[in-house]
*Asks:* 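Handing you a structure now.
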Amino acid sequence: LYQRWRASLVANQFLYMEATNTPSFLLLDIPGTTEISMSFDANMQPVVAYVQDGAAKLYWFDSVSSGFVTTNFGSAIKTPRVALDDHRFAASNGFQLSDVIFAYVKDSSLCYRQQRDRYLTERVLKTGLRADQGLLKIGLNRKLRFQFMVSP
């Protein structure tokens, strides 16, 4: 909530991050990258979905291994996007009850995985998408509902 962050992909290889009060810095060196989507988890660890050499990948902090990992989801996934589902603290107990959502189109289905499952469980939201449709963006709207925007 403090500042807006921005991710930039330079020369299809270098992923830079910056914010108003943070100078630009290199987060990842990922040659052959054509798409990126960036978010932070509840502990402000960066989460990046990207397409590298045609394969969808997810860079995230794995609390089980206590470090950052890159998970390769293969070439069947297109338009991967990530977003924190809710940045608010729960009023009743003060715990953060949020997840980073990793959403994408696979075959003709809109699917997602969530951080609490370590991105292992795929859930299908909608089937019957056309081959030319992809996921444009995801995130919490002004009415506090998580939404998925698919290309028309």
Side-chain angles (χ1 to χ4, degrees), residues 1-87 96 98-141 145-152:
L1 297 176
Y2 174 65
Q3 60 186 353
R4 188 177 300 263
W5 285 83
R6 184 176 136 171
S8 302
L9 184 63
V10 176
N12 288 8
Q13 178 172 352
F14 304 106
L15 177 62
Y16 286 92
M17 305 255 314
E18 66 181 330
T20 304
N21 296 310
T22 305
S24 181
F25 65 92
L26 179 65
L27 178 67
L28 294 171
D29 182 351
I30 42 180
T33 299
T34 55
E35 284 184 62
I36 59 168
S37 176
M38 186 276 301
S39 185
F40 290 100
D41 67 16
N43 293 319
M44 279 302 293
Q45 300 288 2
V47 180
V48 180
Y50 59 98
V51 176
Q52 182 183 38
D53 297 325
K57 297 182 180 182
L58 185 67
Y59 173 82
W60 57 287
F61 186 83
D62 181 5
S63 59
V64 172
S65 64
S66 295
F68 284 94
V69 296
T70 299
T71 306
N72 187 338
F73 289 95
S75 60
I77 289 176
K78 67 178 190 176
T79 60
R81 303 291 185 258
V82 288
L84 186 65
D85 62 357
D86 193 347
H87 59 272
Q96 187 78 25
S98 60
D99 279 303
V100 172
I101 303 297
F102 171 52
Y104 49 86
V105 172
K106 182 178 177 184
D107 301 322
S108 62
S109 299
L110 174 60
C111 304
Y112 79 97
R113 296 169 186 255
Q114 57 192 22
Q115 182 182 15
R116 76 180 67 194
D117 300 329
R118 299 182 64 239
Y119 305 106
L120 295 173
T121 304
E122 181 177 75
R123 293 174 174 81
V124 177
L125 286 171
K126 180 176 175 56
T127 59
L129 297 177
R130 296 185 321 269
D132 65 334
Q133 288 183 293
L135 192 55
L136 296 175
K137 61 183 177 177
I138 63 173
L140 198 64
N141 69 17
R145 299 291 185 259
F146 198 82
Q147 291 187 312
F148 301 79
M149 180 184 276
V150 177
S151 60

*Asks:* Can you name the one residue among Tyr112, Phe73, Trp60, Phe148 that meets ring pair (Phe, Tyr, Trp, His ring centres under 6.0 Å) with Phe102?
*Replies:* Phe73
*Asks:* Do you know the tightest heavy-atom contact between Asn72 and Ala56?
*Replies:* OD1-O, 3.6 Å
*Asks:* Please report the shortest heavy-atom distance between Phe68 and Pro46, naming the atom on each side.
*Replies:* CE2-O, 3.6 Å
*Asks:* What is the distance from atom OG1 of Thr33 to atom CG of Leu15, rounded to the nearest 0.5 Å?
*Replies:* 8.0 Å
*Asks:* Does any N or O in the side chain of Asp41 come within less than 3.5 Å of the main-chain N or O of Asn43, such that one atom is a donor and the other an acceptor?
*Replies:* yes
*Asks:* For the residue pair Thr20 and Arg4, establish whether any side-chain heavy-atom pair is separated by less than 4.5 Å.
*Replies:* no
*Asks:* Tell me whether Gln115 contacts the main-chain N or O of Val100 through its side chain, where contact means a donor paired with an acceptor under 3.5 Å.
*Replies:* yes
*Asks:* Give a yes or no answer on whether the side chain of Gln52 reaches the backbone of Lys57 with a donor-acceptor pair at less than 3.5 Å.
*Replies:* no
*Asks:* Distance check, rounded to the nearest 0.5 Å: Leu140 atom CG versus Arg145 atom CZ?
*Replies:* 9.0 Å
*Asks:* Per the side-chain contact (heavy atoms from CB on, under 4.5 Å) rule, which among Leu135, Leu136, Leu129 passes with Gln133?
*Replies:* Leu129
*Asks:* Which heavy-atom pair separates Glu18 from Ser24 by the least distance, and what is that distance?
*Replies:* CB-CA, 3.7 Å
*Asks:* Measure from the side-chain N and O atoms of Ser8 to the backbone N and O of Tyr16, and report whether any donor-acceptor pair falls under 3.5 Å.
*Replies:* no
*Asks:* Could you tell me the separation between the CZ atom of Phe40 and the CE atom of Met17, rounded to the nearest 0.5 Å?
*Replies:* 3.5 Å
*Asks:* How long is the straight-line distance from CZ of Phe14 back to CG of Asp29, given to the nearest 0.5 Å?
*Replies:* 5.0 Å
*Asks:* Testing Ile30, Thr34, Ile36 one by one against Val51 for a side-chain contact (heavy atoms from CB on, under 4.5 Å), which residue passes?
*Replies:* Thr34
*Asks:* Step through the shown structure and confirm whether more than 12 heavy atoms of other residues, nucleotides or ligands are within 6.0 Å of CZ on Arg6.
*Replies:* no
*Asks:* Which of these passes side-chain hydrogen bond (donor to acceptor under 3.5 Å, both in side chains) with Tyr104: Lys78, Arg81, Glu122?
*Replies:* Glu122
*Asks:* Going by the side-chain contact (heavy atoms from CB on, under 4.5 Å) test, name the single residue among Thr71, Val47, Asp62 that passes it with Tyr119.
*Replies:* Val47
*Asks:* What's the shortest heavy-atom distance between Pro80 and Ala49, and which atoms?
*Replies:* CB-CB, 3.9 Å
*Asks:* Measure across Gly139 and Ala83 and return the closest heavy-atom pair with its distance rounded to 0.1 Å.
*Replies:* CA-CB, 4.2 Å
*Asks:* Could you give the distance from CZ (Arg123) to SG (Cys111), rounded to the nearest 0.5 Å?
*Replies:* 11.5 Å
*Asks:* How long is the gap from CD1 on Ile77 to CZ on Arg113, to the nearest 0.5 Å?
*Replies:* 5.5 Å
*Asks:* Quick one: do Arg116 and Asp85 make a salt bridge, cutoff under 4.0 Å?
*Replies:* no
